[in-house]
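First the structure, in the form of structure tokens, and then the observations on it.
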Amino acid sequence: MDIRMGMLAVAGVFLLVLLIGFIKKKGEILLDFATRTVVCLIAAYFLNSFFSNRGIDIMIGFNIISVLTFGSLGFCGMLALYGILFLQLL
């Protein structure tokens with residue numbers, strides 16, 4: 001094997017390792033997004049029920065905007081949506 005083939009083999013292995021790391025990291029990010037989304041959807045459902053039972057007209061609708069907010073911001077996003085609704089109530 002000449003030096004050029006050796007360098008190409010090392011570069012190929014290097015790129016393969018980078019690709020595997022990128023895929024692993026991307027999967028981890030997607031798993032975190034999905035986990036935050038599911039937990040916030042469950043919490044928002046129970047908070048909607050809680051406020052409804054108390055006679056407070058505050059309910060977050062479950063649509064694509066709220067799901068993206070839950071997934072990207074987590075509980076802070078959920079609290080922001082409830083804060084907006086509380087401000088509208090005033």
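FYI, side chains are in, hydrogens and waters are out, and symmetry mates aren't considered; it's all heavy atoms of this structure.
- Following chains of ILVMFWY side-chain contacts shorter than 4.5 Å, one can reach F86 starting from F46, so the two form part of one hydrophobic cluster.
- Closest non-hydrogen pair, I58 versus Y82, comes out as CG2-CD2, 3.6 Å.
- With hydrophobic clusters built from ILVMFWY side chains whose heavy atoms lie under 4.5 angstrom apart, F62 shares a cluster with F75.
- Of the inter-residue distances, the one linking I60 atom CD1 with I65 atom CD1 reads 13.0 Å to the nearest 0.5 angstrom.
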Using the rule given for side-chain contact (heavy atoms from CB on, under 4.5 Å), can you reason through F50 versus I56, listing the C-alpha separation, both sets of side-chain angles and the distance that settles it, and then say yes or no? CA-CA 9 Å; F50 175 78; I56 302 172; over 6 Å; no
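- Across M78 and C40, no two heavy atoms sit closer than the pair SD-O, 3.7 Å.
- Expressed to the nearest 0.5 Å, how far OG of S49 lies from CZ of R54 amounts to 11.0 Å.
- Donor-acceptor pairing under 3.5 Å is recorded for the side chains of S66 and N63.
- Taking each heavy atom of S72 and L68 in turn, the nearest pair found is OG-O, 2.8 Å.
- Two residues are said to be in side-chain contact when any heavy atoms from C-beta on lie closer than 4.5 Å; L81 and L85 fail this criterion.
- The local environment of CG in D57 is sparse, with at most 12 non-hydrogen atoms from other residues, nucleotides or ligands closer than 6.0 Å.
- To the nearest 0.5 angstrom, T69 atom OG1 is 9.5 Å from I64 atom CD1.
- Atom OH of Y45 has 12 or fewer neighbouring heavy atoms from other residues, nucleotides or ligands inside a 6.0 Å radius.
- Panel note: side chain S52, backbone N48; no donor-acceptor pair is recorded below 3.5 Å.
- Residues F70 and A44 come closest through the heavy atom pair CZ-CB, 4.0 Å.
- The CD1 atom of I42 lies 12.0 Å from the CG atom of L47; values are rounded to the nearest 0.5 Å.
- In terms of hydrophobic clustering, with Ile, Leu, Val, Met, Phe, Trp and Tyr side chains grouped at heavy-atom distances under 4.5 Å, M59 and L89 are assigned to different clusters.
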